[in-house]
> 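First the structure, then my questions, so here it is.
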Amino acid sequence: MATSTRTARPGYRCTECGWTAAKWVGRCGECQAWGTVEEAGSAPAGPATKATATRSPARPIGDIEATASERRATGVDEFDRVLGGGLVPGAVVLLAGEPGVGKSTLLLDVAARAARAGSRVLYVTGEESAGQVRLRAERIGALDTGMLLAAETDLGAVLAHIDEVQPDLLMVDSIQTLASAAVDGTPGGVSQVREVSSSLIQVAKLRGFPMVLVGHVTREGTVAGPRLVEHLVDVVCQFEGEQHSQLRLLRSIKNRYGSVDEVGCFQLVDTGIEGVSDPSGLFLSREGAHVAGTCATITIDGKRPLPAEIQALVAPSALNNPRRATSGIDSSRVAMILAVLQRRVGVAVAADDVYVSTIGGARVTEPAADVALALALASARADVPVRSGLAAIGEVALSGAVRPVHGIGQRVAEAARLGFTEVIVPATGITVDPPAGVKVHAVASLRDAVELAVPRS
């Protein structure tokens, strides 16, 4: 009687996301990264896992208790907004951002507030010494006896601290500094980050306490380390901010417990970092005199309407190729609006130097700001201020038409709340009645918007 043997063949695994393949390929079939597929030993030719005994029988979903997974507010309203209301027991949050953006300061504030609320918090730091963290906590007023601090870089020591402290909340700053003695490689390497993350996540899930991990980012702005970490955690948050700006934005790019459309606004101050529930003061200037070359708009970031003020300066150029400089706005978008103004509206800007910027370090990326950008440029070219109390909303097509954008009613309501008395919107974009005290101008073309907003001298 012939016996069948299971032949083994080499197995290959992507170091970024963990995708496996029977043969080597140059590009991962899951995350589409190049050069990340490496040999991972031998893999059996057929299925190797057999059915085992279950821990508990399957039950109807309606019979499962949900009270143990209720959210707990952190006390930082803007952080809770992004999380979807607070931290869920057993949830793992990955907070990523560039060095110096304020990740550690935010975590220290969240840890102190949780400790004051009666939770036992374990803060593990591998980036700094315990004394350095203590000095920062004293500076921002985050000292509390309920927060325990451990400066460790060994995974085994961190697990021992967890067994001893039995925390209600665990903070790890950062995941790239921890290493396991059971795995080869340097701290921050692919194998080490994978092992450390898997071990900590398993402990958090088994014991039911939330955990926040700090992660570094690459030069491209993505989370450093293997993509497998992003798949393992429940929430991935990105902390963004310009180095020379006080504004910080917290975005959720993955959230198993809520929406990814929320944005949290923070402001760096001398005593740490503070949430900003109304960021209009950061994005709108408070100049006493109304000057030419400025126009306000209302953008929507996620579900949150945010004001933005666009400033433009147009000056005669002494160069054969006039200069175009932008800050906070895509340069290609500015070039397109300049071409439309020149060709469709008759605003001669081809021979001028053009400088465009936003207020407060805001980044304007959506097309809904096209009309405001065009009005700021036209105002700067004519050296005539835009009508006082006016905001502009709408996308500009290459034909010069003003196209509708989503959320017109929400944008107009926000403009009214901020004190604007007139709003320019696309002619086909009005879906709700304007608020009291606000006059809405529906325009079909950019020429109509310029003639309305920039009076001729």
Side-chain angles (χ1 to χ4, degrees), residues 68-76 79-80 82-84 86-97 103-130 133-134 136-137 142-180 187-188 192-216 223 225 229-230 232-237 239 250 254-257:
S69 298
E70 292 180 352
R71 302 179 186 275
R72 300 173 186 174
T74 64
V76 181
F79 191 35
D80 290 337
V82 177
L83 294 176
L87 290 170
V88 176
V92 180
V93 180
L94 178 62
L95 179 62
K103 305 183 299 295
S104 301
T105 304
L106 175 62
L107 248 63
L108 206 56
D109 186 24
V110 172
R113 291 175 184 269
R116 295 190 190 105
S119 299
R120 185 183 294 105
V121 181
L122 176 60
Y123 191 102
V124 178
T125 174
E127 299 277 358
E128 304 169 291
S129 66
V133 178
R134 199 268 185 197
R136 181 189 293 115
L143 292 178
D144 193 275
T145 56
M147 183 172 63
L148 305 179
L149 179 63
E152 298 286 355
T153 57
D154 180 66
L155 176 61
V158 174
L159 296 177
H161 280 298
I162 295 175
D163 291 336
E164 180 182 355
V165 175
Q166 297 292 320
D168 301 316
L169 174 62
L170 175 63
M171 304 284 195
V172 179
D173 185 10
S174 67
I175 192 65
Q176 277 87 1
T177 60
L178 298 185
S180 172
Q192 286 288 356
V193 171
R194 182 187 295 115
E195 174 64 20
V196 171
S197 302
S198 301
S199 300
L200 291 177
I201 291 172
Q202 183 180 14
V203 172
K205 297 294 184 182
L206 289 177
R207 303 195 178 190
F209 60 79
M211 176 174 63
V212 182
L213 306 174
V214 173
H216 296 164
V223 181
V229 177
E230 296 185 47
L232 290 176
V233 300
D234 303 305
V235 182
V236 179
C237 294
F239 212 28
L250 182 65
K254 173 188 176 181
N255 193 345
R256 290 175 177 167
Y257 309 114

> So which heavy atom on L143 is nearest to which on A137, and how close?
CD2-CB, 3.7 Å
> What distance do R194 atom CZ and S180 atom OG have between them, rounded to the nearest 0.5 Å?
13.0 Å
> Quick one: do L107 and V212 satisfy side-chain contact (heavy atoms from CB on, under 4.5 Å)? Show the steps, please.
CA-CA 8 Å; L107 248 63; V212 182; 3.7 Å; yes
> Taking the side chain as everything from C-beta on, heavy atoms only, tell me whether D173 gets closer than 4.5 Å to K103.
no
> Does K254 use its side chain to pair, donor to acceptor, with the backbone of V233 at less than 3.5 Å?
yes
> Flag the pair V93 / L87 as yes when at least one side-chain heavy-atom distance between them is below 4.5 Å, and no otherwise.
yes
> Between G126 and T177, which heavy-atom pair has the shortest distance, and what is it?
CA-OG1, 3.5 Å
> Is it the case that the side chain of N255 and the backbone of L83 share a donor-acceptor pair, with hydrogens and angles ignored and the cut-off at 3.5 Å?
yes
> Using atom types as modelled and distance alone, determine if a side-chain donor or acceptor of R120 lies under 3.5 Å from a backbone N or O of Q166.
yes
> Contact between K205 and D234 at the side-chain level, heavy atoms closer than 4.5 Å - yes or no?
yes
> Give, for atom CG of D80 and atom CZ of R72, the distance between the pair rounded to the nearest 0.5 Å.
13.0 Å
> Mind listing the closest non-hydrogen atom pair of R113 and G75 along with its distance?
NH1-O, 3.4 Å
> Measure the spacing between CG of L148 and CE of M171 and express it to the nearest 0.5 Å.
13.0 Å
> Might you work through the side-chain contact (heavy atoms from CB on, under 4.5 Å) test for I201 and M211, ending with a clear yes or no?
CA-CA 8 Å; I201 291 172; M211 176 174 63; 4.1 Å; yes
> So V88 and V235, do their side chains get closer than 4.5 Å, heavy atoms only?
no
> What closest approach, in Å, do C237 and V82 show between heavy atoms, and which atom pair accounts for it?
SG-CG1, 4.0 Å
> So M147 and L108, do their side chains get closer than 4.5 Å, heavy atoms only?
yes
> Go through the side-chain N and O atoms of S199 and E195 and say whether any donor and acceptor fall under 3.5 Å apart.
yes
> Just how far is it from atom CG of L106 to atom CG of L250, taken to the nearest 0.5 Å?
7.0 Å
> Can you tell me how far the CD atom of Q176 sits from the OG atom of S197, to the nearest 0.5 Å?
8.0 Å
> Would you name the heavy atoms of G208 and P89 that are closest together and state the gap between them?
O-CB, 3.5 Å
> Taking the side chain as everything from C-beta on, heavy atoms only, tell me whether P167 gets closer than 4.5 Å to Y123.
no
> V172 and side-chain contact (heavy atoms from CB on, under 4.5 Å): which partner among L178, L94, V214?
L178
> Would you mind reporting whether P187 and T153 have side-chain heavy atoms less than 4.5 Å apart?
no
> Identify the residue among V121, D144, T145 that makes a side-chain contact (heavy atoms from CB on, under 4.5 Å) with R116.
D144
> Write down the atom of F209, the atom of L170, and the distance for their closest heavy-atom approach.
CE1-CB, 3.6 Å
> side-chain contact (heavy atoms from CB on, under 4.5 Å), that's the test. Do I162 and R207 meet it? Break it down for me.
CA-CA 10 Å; I162 295 175; R207 303 195 178 190; 3.7 Å; yes
> Working to the nearest 0.5 angstrom, can you tell me the gap between T125 OG1 and E152 CD?
10.5 Å
> Check whether any side-chain heavy atom of R136 lies under 4.5 Å from a side-chain heavy atom of S104, and answer yes or no.
yes
> Walk me through whether L155 and L200 qualify under side-chain contact (heavy atoms from CB on, under 4.5 Å).
CA-CA 9 Å; L155 176 61; L200 291 177; 4.0 Å; yes
